[in-house]
Trainee: 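Sending over a structure as structure tokens; questions will come in a sec.
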Amino acid sequence: MSEWTEIVDYFRGRSMWMLHYCTGCGAIELPPTMTSRWDMERFGITPMATPRQADILLITGYLAIKTLKRVIYTYEQMQAPKWVLGFGSCTINGGIYWDSYNVIERLDKYIPVDIYIAGCMPRPEAILDAFVKLKEMVQMGEAKGYEKYVKNYDWYKANQDKVLKRTSPVLKEIEKVTKIG
Amino acid sequence: MVIVEFLIKLSQGFGIGALALATGLLFGGIGRKIMARIQRRYGPPFTQNFMDLFKLLSKGSVSHGWAFDLGLVAGFAPMLAALMFLPIGPFTLLPSDSSLIMIVYLMMMAYLGMAMGVLASGNPNSAIGMSRALMLMVGYEVPFAAVIFSVYLFSKTGYLTQIVTQQAGGFMNWNIVKMPLGFLATEIALQGMLGEKPFDQAIAPAEIASGPMVELGGKYLGFGMIQHSVGLFLETGIVVDLFLGGAPNFWIFIAKQFVLYFIVILVDAILPRLRIHEATSFFWKLPLFLGILQAVIVIIQGGVLNV
Ligand code: SF4
């Protein structure tokens with residue numbers, strides 16, 4: 001049985017499809033990573049269009065609280081072996097938005113992050129380095145963030161609720177205020 | 001004895017299916033590599049599609065109801081059935097004297113089955129994608145039908161094996177020489193059948209999030225990939241049988257198929273995507289004109305020869 005798991009892990013590492021959630025500045029480093037200059041397809045990593053098809057969720061940069069909600073939806077729509085890469089210092093400690101009122105500081109309080117890529121912003125070499133590292137981790141059977149999420153769902157959910165509460169409308173009788181005429 | 005024969009046919013059928021799948025996946029992988037080289041990239045290894053398929057089948061997946069499951073099966077089964085009528089090299093599993101019509105019919109059924117499945121997911125993107133795929137089908141099936149009509153008139157049979165034997169005896173006997181306009185129309189229609197640029201409106205990834213595949217994940221997407229690969233084998237295979245004189249053995253058959261696919265890839269690499277109504281109206285202009293012209297030529301030739 002363990003041999004079978006090893007084989008499966010090997011192929012999972014050789015073929016990882018990526019969904020990039022480009023909210024932050026980091027999106028601009030992805031086109032050179034995908035195209036002729038750095039060509040990430042040679043590692044079997046291809047951009048995909050929807051969360052259902054993807055294995056990697058790449059969060060490029062800061063997340064406002066409202067976008068965090070969408071990221072969590074996206075993450076939960078992905079299928080079982082799935083990994084998250086936090087890209088840029090904004091996902092690690094808030095980066096230059098560390099004292100902003102509507103930006104989260106640490107991504108792994110809300111969804112399990114397998115690898116962080118430090119830098120503001122990381123170069124394509126750093127992204128490729130992270131992909132290769134992730135491939136090694138997957139093939140060794142170490143990247144188990146998605147299992148952690150299921151096991152510690154209470155903790156993650158509590159953290160998520162704590163910040164998502166702040167996205168509810170501030171005004172009480174909102175229809176009355178926004179009504180024209 | 002009947003039982004034994006049936007079992008032999010059954011296992012041969014599975015064998016052909018597996019062979020078609022493996023060839024299709026290999027073609028896909030080589031196609032990705034060629035595309036990468038055209039774009040001056042290194043590209044994935046040519047076995048990448050096998051690894052992708054393995055990974056997809058090992059992933060978890062969600063269903064969107066029984067119509068979704070059934071639709072995928074209904075999309076794949078006709079393809080597999082059509083393979084049984086296709087002369088692959090010298091070998092045909094189920095010889096039938098109307099195999100040409102049978103294959104064309106089953107190929108269309110496959111798309112309708114797929115439409116049922118992906119529409120059951122209820123995602124608006126898949127509805128848009130599927131409507132585009134069907135629009136496109138209306139586009140390329142018309143010139144393709146004109147070509148099939150001329151082949152029928154020319155060979156006076158719908159039995160593919162016989163069409164292949166009529167072309168035996170060297171390059172000058174191939175239908176590509178005898179009906180060059182028809183071949184051209186088919187080649188353009190093939191581009192649409194395989195959904196490569198400029199006719200990839202149905203699965204426009206940046207535009208409608210990969211269209212029909214938007215809700216497919218894990219094993220379902222793997223199934224979609226199997227379907228695409230078998231379809232690739234089938235659609236290039238039928239053109240080889242119709243125009244390139246079939247093949248004396250399996251390897252030459254694959255080589256001829258690959259030549260066709262190579263042309264498709266090259267066109268795919270240099271052209272951008274058309275809008276859907278542009279694509280459909282294009283199919284109804286140039287390829288349809290070529291197809292009808294070919295049919296007229298065949299009719300006139302037949303009339304002259306018969307006199
Ligand atoms: S880490 Fe730097 S580059 Fe990345 S999103 Fe934050 S501020 Fe922008």
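In what follows, chains carry the letters A, B, and so on, assigned in the order in which the sequence lines appear, proteins first and then strands, with residues in each chain numbered from 1.
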Trainee: Given a strict heavy-atom distance threshold of 4.5 Å, which part of A:Thr50 is in contact with chain B: side chain, backbone, both, or neither?
Mentor: side chain
Trainee: Taking atom CZ as the centre, does B:Phe14 end up with more than 12 heavy-atom neighbours from other residues, nucleotides or ligands that are less than 6.0 angstrom away?
Mentor: no
Trainee: Can you tell me which portion of B:Glu215 sits under 4.5 Å from chain A's heavy atoms? Options are side chain, backbone, both or neither.
Mentor: both
Trainee: Check whether NZ of the Lys or CZ of the Arg A:Lys135 lies under 6.0 Å from the centre of the six-membered ring of A:Phe43 and within 45 degrees of that ring's axis.
Mentor: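 Negative - A:Lys135 is either too far from the ring of A:Phe43 or too far off its axis.
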Trainee: So for B:Phe54, is it side chain, backbone, both, or neither that comes closer than 4.5 Å to the heavy atoms of chain A?
Mentor: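 The side chain, not the backbone.
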Trainee: So for B:Leu56, is it side chain, backbone, both, or neither that comes closer than 4.5 Å to the heavy atoms of chain A?
Mentor: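 B:Leu56 touches chain A through side-chain heavy atoms alone.
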Trainee: Decide ring-ring contact (aromatic ring centres under 6.0 Å, His included) for B:Phe68 and B:Tyr220; before the verdict, give the C-alpha distance in whole Å, the side-chain angles of both, and the deciding distance to 0.1 Å.
Mentor: CA-CA 9 Å; B:Phe68 189 71; B:Tyr220 290 89; 5.1 Å; yes
Trainee: Heavy-atom distance under 4.5 Å to chain B: side chain of A:Thr46, backbone, both or neither?
Mentor: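 Interface part for A:Thr46: side chain.
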Trainee: Report the option among A:Ala80, A:Pro81, A:Ser36 that has the most heavy-atom pairs separated by less than 4.5 Å from atoms of chain B.
Mentor: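 Option with the greatest count: A:Ser36.
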Trainee: Find out whether the Lys NZ or Arg CZ of B:Lys33 is both under 6.0 angstrom from the six-membered ring centre of B:Tyr42 and within 45° of the ring's axis.
Mentor: yes
Trainee: For B:Leu221, is it the side chain, the backbone, both or neither that has a heavy atom under 4.5 Å from a heavy atom of chain A?
Mentor: side chain
Trainee: Going through the distances and angles, do B:Glu196 and B:Tyr261 end up as a side-chain contact (heavy atoms from CB on, under 4.5 Å)?
Mentor: CA-CA 10 Å; B:Glu196 304 284 3; B:Tyr261 185 61; 4.0 Å; yes
Trainee: Ignoring hydrogens and angles, state whether a donor on the side chain of A:Arg106 or A:Asn93 is under 3.5 Å from an acceptor on the partner side chain.
Mentor: no
Trainee: Using 4.0 Å as the upper bound for N to carboxylate O, is an ion pair formed by A:Asp114 and A:Lys82?
Mentor: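 No, A:Lys82 and A:Asp114 are not salt-bridged.
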Trainee: Give the member of B:Pro45, B:Ser61, B:Ala36, B:Gly218 that has the highest number of heavy-atom pairs under 4.5 Å with chain A.
Mentor: B:Ser61
Trainee: Between A:Trp17 and chain B, with a heavy-atom cut-off of 4.5 Å, which part of the residue counts as in contact: side chain, backbone, both or neither?
Mentor: both
